[in-house]
Amino acid sequence: MPHRPRRLRLAPASLFGRLLLLLLAGLGAALALSAWLTLTDRGEALYRVLVTDNAERIANLVELLDGLDEGDRARVVDALDLPPLYIRLDLAWAGNPAEVSPQAAALAGALHAQLGDDRPLAVSLSHGEAAGSGRDEDDGKGRRAPSFFVQVGLADGGTVSFLYVLPRFIGAQPVRLLAALALVSVIVLAVSVLAVRGLTRPLARLAGAARELGTDLERPPLPETGPVEVRDAAIAFNDMQARLRRQLAERDQLLAAVSHDLKTPLARLRLRLELIGESGVQARALADLADLETTVADTLDFLRAGREEATVPVAIGALAEALADDAADTGAAVEVLGDGGAPLPARPRALRRCLQNLLDNALRYGNSDGEADAPVEIVLHDAPQALCICIRDRGPGLPAAELERVFEPFRRLEHSRSRATGGTGLGLSIARAIARGHGGELTLANRSDGPGLEARLTLPRRPPAGAR
């Protein structure tokens, strides 16, 4: 099979992560755009506000100076030459080129509106010493404050120059604005996390309930609260659980009835067979009857899968040693390797039945011609999340296509259909049903270190949800 390159995952796997990422991306874009627009408009708005006031003040001063002689002009200028508006009469016309910036154009337009379009004037913006002004205002951090430099022609041909140095806060970094945006970002982020978690928590709860349903139909129903969609989903899930519980109860009642109804005729049949005089016919009939009883018992065990049993802590190491001792009493060689760790919450009789079925299969099929005395191994591996129990033999193993099909009910490991060696074909089916009833899994694999088969039973360390 060709190797498929792994696709790079750019988005989080969970719905919570994806919704949160989407909200954060939108929030970041919105805040970045807001900051850019605010910082862009901030300077222009402040300049426009200052233009209105300064245009009127400069126009009034020009009109005042137009009506004064040189001596009075000098005295008035000396009296009014105060920050932030500096006034000079001794600067020659600088001939500054026309400004194309919106602020300079707005100030020039306002001055022309008050002084007339034929009044010679020049307006420029400066971020340092204005051309020929002789003024150099520093903002205290080594940077020169921005300013307006205006020259206006007087009625007698003289020139008056104005340098308006803008307040330092206009040219300063908008720390408070950026801090306010950061605070808004943190608040919106916290609200977004809470909102997304509130939206996704019911889905996580529903997924967890669905997983638990596979191991315990008696788990508590979901709370039917929250938004309409969540409440409808919880109601539908609870209805499904109730229907499954009723169906399972009806099946258990049917199994109990069938078991009860079969026991009586089987007992009568066994009694009548024992009254038959001819021993050969009697022996064959009793053997067939024993097969029938075994098949019925195994079928009922498969359908029940130990569900009626309570969950208690089980010492897996001790259970494995007990199974090995029982096998040794029959002359079989079974070796236990590893430590089962702390007791595992389980249904003890069902789990023993599961391991016994796996061990019986290993002992029945687990010796190849060259490995007649090889013991069957029960290998225990404990981990914080799960306990793994491996039962290994040195038999011929199985074809790869059969490793999963042997778990089908009534499918035997050997092709001969002999009851003496093949059993009923329900052993592995019962073992897997018990494993899954504990929230675990049972798989088969051919051994990689030589001939043989390995049955791997993995059981979670947490108890099955809702276990009694």
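Just so you know, these numbers use all the heavy atoms, side chains as well, and skip hydrogens, waters and symmetry mates. Numbers here simply count residues along the sequence, with the first being 1.
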Any donor-acceptor N/O pair, D339 side chain to L380 backbone, under 3.5 Å: no
Could you tell me which residues satisfy salt bridge (Lys or Arg N to Asp or Glu O under 4.0 Å) with D239, sequence neighbours excluded, listed by chain and number? none
Are any of the side-chain heavy atoms of I316 and L351 separated by less than 4.5 Å? yes
Minimum side-chain heavy-atom gap L358-L442 below 4.5 Å: yes
Please check this pair: side chain of R461 against backbone of P384, looking for a donor-acceptor N/O pair closer than 3.5 Å. no
Counting C-beta onward and ignoring hydrogens, is there a side-chain heavy-atom pair between L453 and Y365 closer than 4.5 Å? no
Using the test salt bridge (Lys or Arg N to Asp or Glu O under 4.0 Å), find all partners of R456 that sit at least two apart in sequence or belong to another chain. E454
Below 4.5 Å, heavy atoms only, C-beta onward: do L121 and F162 meet side chain to side chain? no
Side-chain contact test, heavy atoms from C-beta onward, threshold under 4.5 Å: evaluate it for V77 versus L65 and give yes or no. yes
Any residue meeting side-chain hydrogen bond (donor to acceptor under 3.5 Å, both in side chains) with N238, in chain and number order, not counting sequence neighbours: E224
Among all residues two or more places apart in sequence or in another chain, which pass the side-chain hydrogen bond (donor to acceptor under 3.5 Å, both in side chains) test with D117? none
Checking P343 now: which residues fulfil side-chain contact (heavy atoms from CB on, under 4.5 Å) with it, not counting sequence neighbours? P313
So, using side-chain contact (heavy atoms from CB on, under 4.5 Å) as the criterion, who are the partners of V188 when residues are at least two apart? L27, V184, S192
By side-chain hydrogen bond (donor to acceptor under 3.5 Å, both in side chains), D66 pairs with (sequence neighbours left out) R119
Without swapping roles, check the side chain of Q114 against the backbone of R57 for a donor-acceptor pair under 3.5 Å. no
Side-chain touch E321/I378, heavy atoms, less than 4.5 angstrom: no
By salt bridge (Lys or Arg N to Asp or Glu O under 4.0 Å) - contacts of D360 (at least two apart): none
Restricting to salt bridge (Lys or Arg N to Asp or Glu O under 4.0 Å), what partner residues turn up for D90, sequence neighbours left out? R88
Heavy atoms of other groups near H112 NE2, more than 12 under 6.0 Å: yes
Using the side-chain contact (heavy atoms from CB on, under 4.5 Å) criterion, which residues pair with V193? Sequence neighbours excluded. F16, L20, L189
Does the side chain of L444 reach to within under 4.5 Å of the side chain of F407, using non-hydrogen atoms? yes
Test your reading of the model: is there a side-chain donor-acceptor pair from R205 to the backbone of P223, 3.5 Å cut-off? no
One thing to verify: whether E70 and R73 come together as a salt bridge, which I'm taking to mean a side-chain N less than 4.0 angstrom from a carboxylate O. no
For L244, the side-chain contact (heavy atoms from CB on, under 4.5 Å) test, sequence neighbours excluded, returns L213, L217, M240, Q247
Tell me if a side-chain donor or acceptor on H438 pairs with a main-chain N or O of R347 at a distance below 3.5 Å. yes
Would a 4.5 Å heavy-atom cut-off, applied to side chains only, mark V150 and N54 as touching? no
Partners passing side-chain hydrogen bond (donor to acceptor under 3.5 Å, both in side chains) against D72 (at least two apart in sequence or in another chain): R75
